[in-house]
Amino acid sequence: MLTKMDKAKLANIARSEDFLILKSLANEMKTQLLNQRPGGASEFEFLRDVIEREGKILGVDAFLKEIENIV
């Protein structure tokens, strides 16, 4: 659980220009993930790759959203 001090520090980070770099990195990661072609020798492996990719994208989005919610 984050303390009030932790939340204040996180708010300072989120309001800084440096946070824009993290958002930019997150967008690059999502773009790279979207450009990856799912592989797999079978339909199940293909679906696993797609689900893993989508999960990673959702994870990045959820992380940034949680920071916004805290701030």
Side-chain angles (χ1 to χ4, degrees):
M1 189 75 161
L2 294 176
T3 65
K4 287 184 180 182
M5 180 65 83
D6 292 338
K7 290 179 182 181
K9 289 179 182 180
L10 188 58
N12 288 335
I13 293 169
R15 292 185 187 110
S16 74
E17 285 186 30
D18 294 338
F19 191 68
L20 295 176
I21 296 168
L22 291 176
K23 283 186 171 184
S24 178
L25 174 62
N27 287 330
E28 284 182 27
M29 288 174 62
K30 291 184 340 184
T31 300
Q32 287 176 352
L33 288 166
L34 287 171
N35 289 333
Q36 287 178 356
R37 298 189 115 218
S42 69
E43 300 91 19
F44 299 108
E45 291 174 354
F46 177 85
L47 286 174
R48 183 198 65 215
D49 287 352
V50 170
I51 291 168
E52 284 179 358
R53 182 183 70 185
E54 293 299 315
K56 289 175 184 178
I57 292 169
L58 290 173
V60 170
D61 286 339
F63 180 73
L64 293 176
K65 187 70 170 174
E66 185 62 23
I67 291 173
E68 291 176 9
N69 289 340
I70 291 170
V71 173

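For the numbers below, each heavy atom of this structure counts, side chains included, while hydrogens, waters and symmetry mates do not.
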On a heavy-atom basis, the closest approach of Phe46 and Pro38 is CE1-CB, 3.4 Å
Please table the atom pairs, donor to acceptor, closer than 3.5 Å between any side-chain atom in residues 55-71 and protein atoms at least two apart or in another chain.
unit_1 : atom_1 : unit_2 : atom_2 : d
Asp61  : OD1    : Lys30  : NZ     : 2.6
Asn69  : ND2    : Lys65  : O      : 3.4

Please round to the nearest 0.5 Å and tell me the distance separating atom [atom1] of [X] and atom [atom2] of [Y].
X     : Y     : atom1 : atom2 : value
Glu54 : Leu33 : CD    : CG    : 9.0 Å
Ser16 : Ile21 : OG    : CD1   : 8.0 Å
Leu22 : Met29 : CG    : CE    : 11.0 Å
Lys9  : Leu2  : NZ    : CG    : 11.0 Å

Taking only residues at least two apart or on different chains, which pairs with a member in residues 35-47 satisfy side-chain hydrogen bond (donor to acceptor under 3.5 Å, both in side chains)?
none
Non-neighbouring partners of Asp6 that pass side-chain hydrogen bond (donor to acceptor under 3.5 Å, both in side chains), sequence neighbours left out:
Thr3
Under 3.5 Å, side chain of Ser24 to main-chain N/O of Leu20, donor-acceptor pair present?
no
